[in-house]
2 protein chains.
Amino acid sequence: MQFSKSTAYGLHALMLLAKSERGRNVGIKELSSSLGASESYLSKIMSKLRQDGLVRAVTGVNGGYELARAASEITFLDVVQVLEGRQHLYECFHGSDHPLPALEAAGDEPETPEFAFGEGCPVKQVMDAAEQQMNRYLQQHTIQLALNQAGSCDAHTACKK
Amino acid sequence: MQFSKSTAYGLHALMLLAKSERGRNVGIKELSSSLGASESYLSKIMSKLRQDGLVRAVTGVNGGYELARAASEITFLDVVQVLEGRQHLYECFHGSDHPLPALEAAGDEPETPEFAFGEGCPVKQVMDAAEQQMNRYLQQHTIQLALNQAGSCDAHTACKK
DNA sequence: ATATAATGGATATTACAGATCCATAATAAA
DNA sequence: TTTATTATGGATCTGTAATATCCATTATAT
């Protein structure tokens, strides 16, 4: 399990937008060269962020992207949910709803089958709660907050401790 | 981003082992039919759990698996780390070490490239801390604990609230 | 010796992230 | 109005990791 590269790109792109002066559009060329990502790939990511209302986009000359709201109003959770999707991290196999399509004569042992755990499954309860812990933290941390962190070193660039 | 099916199977398999009487080996047939997973696939998972010291395995007649230590000493984090790997959930693109192989003349804008964020990257700091929140929760919750939860309904089976 | 049961290697299959290309639409400036 | 610029969305390709199966081997109780 890993966060996708898209999420890394998206988060960093937003950091760059947050750094740029308000009102100025940042083009995909600038973003992609700053991040070392291809324009075409990063475009897709920016489109998603726009569709979800995190950034605004203007086409044409002098167009580009800017934050749709203050950096202090954009949480890491917002970004993660757009780019990773909103499904739960954990599922109790086979979609967690239908009780397994096929399971004919299962060989010898006709045990009580214990699959098809729904919302009440104790395993799922723990896993969901664990996810919740992470999400809560992500929700409490905004782009602005991270930007401030960066400020104490060299605004968002290297800063190896 | 999703937990793998392997993790779901592994966790549930351990729940079953924890339920079975101590000293009795549970074979792969029994496990797989209870969980609705194929024997061959579940075998791989059990092998990993064994290699990591979470279960013991005995080959031959009356063989099978049992917990290698008390269910109260096996945390969800133990299981997740075996089956999902121990890498961090978040990486700042391209492996986070080498400074990007190729990046010849990047077109027009010779900006200061802002990639290759190491450990000090403010984005990574937030993401790592978020992961830490989840891991801490997983570490605090053991198989035994989940089993107790299940007990209050119908030991590990349905229990839709 | 035999049946049972886990192991590990090899290999197939599938799904999805990663990545690119192109035709289209929108916009500013000439 | 034309032109250059810039984002958009569809289609598609690729690579890789998760899923899944098969089989030969090893270990063990009877």
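Residue numbers begin at 1 in each chain, while the letters A, B, ... track the order of the sequences. Just so you know, these numbers come straight off a predicted model, no measurement behind them.
Look at B:Lys48 and you won't find any side-chain N or O under 4.0 angstrom from OP1 or OP2 of C:dT7. Residue A:Tyr41 places none of its side-chain N or O atoms closer than 4.0 Å to OP1 or OP2 of C:dT20. At the phosphate of C:dG18, OP1 or OP2 sits under 4.0 Å from a side-chain N or O atom of A:Ser6. Contact annotation: A:Ser47 reaches the phosphate of D:dG9 (side-chain N/O to OP1 or OP2, under 4.0 Å). In this structure, A:Asn62 does not reach the D:dT5 phosphate: none of its side-chain N or O atoms is under 4.0 Å from OP1 or OP2. Side-chain nitrogen and oxygen atoms of B:Ser4 include none within less than 4.0 Å of the OP1 or OP2 phosphate oxygen of D:dA17. The side chain of A:Gln51 places an N or O atom within less than 4.0 Å of a non-bridging phosphate oxygen (OP1 or OP2) of D:dG9. Between A:Ser38 and the phosphate of C:dT20, there is a side-chain N or O to OP1/OP2 separation shorter than 4.0 Å. Phosphate proximity of C:dA19 to A:Lys5: present, with a side-chain N or O under 4.0 Å from OP1 or OP2. Look at B:Arg50 and you'll find a side-chain N or O under 4.0 angstrom from OP1 or OP2 of C:dG8.
Following rounding to the nearest Å, A:Ile45 (CD1) and C:dA19 (P) show an atom-to-atom distance of 9 Å. The distance from atom CG of A:Leu31 to atom C1' of D:dA7 is 12 Å, rounded to the nearest whole Å. One interatomic measurement links the two molecules: OH of B:Tyr65 to C1' of C:dT4, which rounds to 13 Å at whole-angstrom precision. Going from atom CG of B:Leu83 over to atom C1' of D:dA17 covers 15 Å, rounded to whole Å. Taking atom CG of A:Leu42 as the reference point, atom C1' of C:dT20 lies 14 Å away to the nearest angstrom. B:Met46 places its CE atom 17 Å from the P atom of D:dA20, with the value rounded to the nearest Å. Following rounding to the nearest Å, A:Gln2 (CD) and C:dC16 (P) show an atom-to-atom distance of 18 Å. Put simply, OH on B:Tyr9 is 10 Å from C1' on D:dA20, counting in whole angstrom units.
Comparing B:Thr7 and A:Gly60 by the nucleotide of DNA chain D whose heavy atom lies nearest to each, the residue mapping closer to the 5' end is A:Gly60. Checking A:Val61 against B:Val61, the closest nucleotide of DNA chain C that is more toward the 5' end is the one next to B:Val61. Taking for each of A:Val26 and B:Phe3 the nucleotide of DNA chain D with the nearest heavy atom, the 5'-most of the two is the partner of A:Val26.
No contact: A:Glu39 has no heavy atom under 4.0 Å from any strand. B:Glu84 comes within 4.0 angstrom of no nucleic acid atom, judged by non-hydrogen atoms across all strands. Within 4.0 Å of A:Ser40, counting heavy atoms only, lies at least one base atom of the nucleic acid.
No side-chain heavy atom of A:Thr142 sits under 4.5 Å from any side-chain heavy atom of A:Glu73.
Of the candidate nucleotides C:dT20, D:dT21, D:dT8, C:dT20 has the atom nearest to the side chain of A:Lys44.
With values rounded to the nearest 0.5 angstrom, B:Leu89 atom CG is found 10.5 Å from B:Gln132 atom CD. We find the CD-CG distance between B:Gln81 and B:Asn135 to be 6.0 Å, quoted to the nearest 0.5 Å.
In this model, a donor atom of one side chain and an acceptor atom of the other lie less than 3.5 Å apart for B:Ser6 and B:Tyr41. Between the side chains of B:Ser4 and B:Glu84, at least one donor-acceptor pair of N or O atoms lies under 3.5 Å.
By the 30° and 60° cut-offs, the orientation of the rings of B:His12 relative to A:Tyr90 is tilted.
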